[in-house]
A.B. asks: 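Next up is a structure, given as structure tokens.
So that the names make sense, note that chain A is the first sequence line, chain B the second, and so on, each numbered from 1.
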Amino acid sequence: GQQLNQSPQSMFIQEGEDVSMNCTSSSIFNTWLWYKQDPGEGPVLLIALYKAGELTSNGRLTAQFGITRKDSFLNISASIPSDVGIYFCAGLNSNSGYALNFGKGTSLLVTP
Amino acid sequence: DTGVSQDPRHKITKRGQNVTFRCDPISEHNRLYWYRQTLGQGPEFLTYFQNEAQLEKSRLLSDRFSAERPKGSFSTLEIQRTEQGDSAMYLCASSFAASSYNEQFFGPGTRLTVL
């Protein structure tokens, strides 16, 4: 599988700030998933996207499926200390199989 | 709790030993996946099953690795003659194949350390 380009690699912000991160691929996907992982734990699914241009929210999180189908974006509004963790994007094209391709992650640190 | 479970959570072994990990998926999920994650990287796909059939294997899955899902429920991943390079977090995920949605739910992982 391919590794997706995820940026930024890390972010250090103050509580209350908004956060944006993105993910790009050289291939077209029909599914984009965003996960959060805490140290020593498995990834937890945050948001799933299935249509180009789709904008989906989950509480303070909003994600978008890029219209080119090769990128996706995640925004976190009004960050809080428990948002700390590593955020991963993952994409797949179910016409080619069901293996998720992951980015390297964005490490988020939030100071009170 | 009806999430994905994995056992053991941690395993320390000596180089050359065999290890086996177990994964129990969410009960109604018929697809089961194995991934490997090394420090600073995202998970990398190893293999997946639909019911008891192993449908896809990554090139990462060398001949020392074997996965089974004999009754279409739990799965095991065995690594024979472990090497230090096998040290990683091994993650299991599951999904519901009949759904048009491709959401995969992960377990807590098994951390393998090969000395």
A.B. asks: Count the heavy atoms of every other residue, nucleotide or ligand shown that sit under 6.0 Å from CZ of Arg64(B), and state whether that count exceeds 12.
C.D. replies: yes
A.B. asks: Of all the heavy-atom pairs spanning Glu56(B) and Ala99(A), show the shortest one and how long it is.
C.D. replies: OE2-CB, 4.0 Å
A.B. asks: Check whether more than 12 heavy atoms from other residues, nucleotides or ligands sit under 6.0 Å from atom CD of Glu15(A), and answer yes or no.
C.D. replies: yes
A.B. asks: Report, by ascending residue number, the residues of residues 37-53 of chain B in heavy-atom contact with chain A at a distance under 4.5 Å; give 'none' if the set is empty.
C.D. replies: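 Listed by number: Gln37(B), Gly40(B), Gln41(B), Gly42(B), Pro43(B), Phe45(B), Tyr48(B).
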A.B. asks: Is Ile26(B) reachable from Leu77(B) through a run of I, L, V, M, F, W or Y residues, each pair having side-chain heavy atoms under 4.5 Å apart?
C.D. replies: no
A.B. asks: Does Glu41(A) come within less than 4.0 Å of Arg9(B), counting only side-chain N to carboxylate O?
C.D. replies: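 Looking at Arg9(B) together with Glu41(A), the answer is yes, because their closest N to O distance falls below 4.0 Å.
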A.B. asks: Counting heavy atoms not belonging to Ile12(B), are there more than 12 under 6.0 Å from its CD1?
C.D. replies: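 Incorrect, the count does not exceed 12.
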A.B. asks: Can you name the closest pair of heavy atoms from Leu100(A) and Tyr35(B) and give their distance?
C.D. replies: N-OH, 3.0 Å
A.B. asks: I'd like to know which of Gly105(A), Pro43(A), Ala48(A), Gly42(A) tops the heavy-atom pair count under 4.5 Å against chain B.
C.D. replies: Pro43(A)
A.B. asks: Select one option (side chain, backbone, both, neither) describing which atoms of Gln6(A) are under 4.5 Å from chain B's heavy atoms.
C.D. replies: neither
A.B. asks: Any chance CD of Glu17(A) has more than 12 other-residue heavy atoms, nucleotides or ligands included, within less than 6.0 Å?
C.D. replies: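 More than 12 within 6.0 Å, yes.
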A.B. asks: With a 4.5 angstrom heavy-atom cut-off, is it the side chain or the backbone of Leu33(A) that approaches chain B, or both, or neither?
C.D. replies: side chain
A.B. asks: For residues Tyr35(A) and Leu61(A): do they belong to one hydrophobic cluster (side chain heavy atoms under 4.5 Å, members Ile, Leu, Val, Met, Phe, Trp, Tyr)?
C.D. replies: no
A.B. asks: Using non-hydrogen atoms and a 4.5 Å limit, figure out which bit of Tyr98(A) sits close to chain B: side chain, backbone, both or neither.
C.D. replies: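 Interface part for Tyr98(A): both.
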A.B. asks: Which residues pass the salt bridge (Lys or Arg N to Asp or Glu O under 4.0 Å) test with Asp24(B), not counting sequence neighbours?
C.D. replies: Arg22(B)
A.B. asks: By side chain to side chain donor-acceptor pair (under 3.5 Å), which residues pair with Ser94(A), not counting sequence neighbours?
C.D. replies: Asn30(A)
A.B. asks: Which atom pair, heavy atoms only, marks the closest approach of Asn102(B) to Tyr50(A)?
C.D. replies: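 For Asn102(B) and Tyr50(A), the tightest heavy-atom pair comes out as N-OH, 3.1 Å.
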A.B. asks: Can you sort out the partners of Ser57(A) under side chain to side chain donor-acceptor pair (under 3.5 Å), two or more places apart, ordered by chain and number?
C.D. replies: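 Ser57(A) satisfies side chain to side chain donor-acceptor pair (under 3.5 Å) with Thr62(A) once adjacent residues are dropped.
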A.B. asks: Are more than 12 heavy atoms from other residues, nucleotides or ligands located less than 6.0 Å from atom CD1 of Ile67(A)?
C.D. replies: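 Counting neighbours around CD1 of Ile67(A), 12 or fewer heavy atoms of other residues, nucleotides or ligands fall under 6.0 Å, so no.
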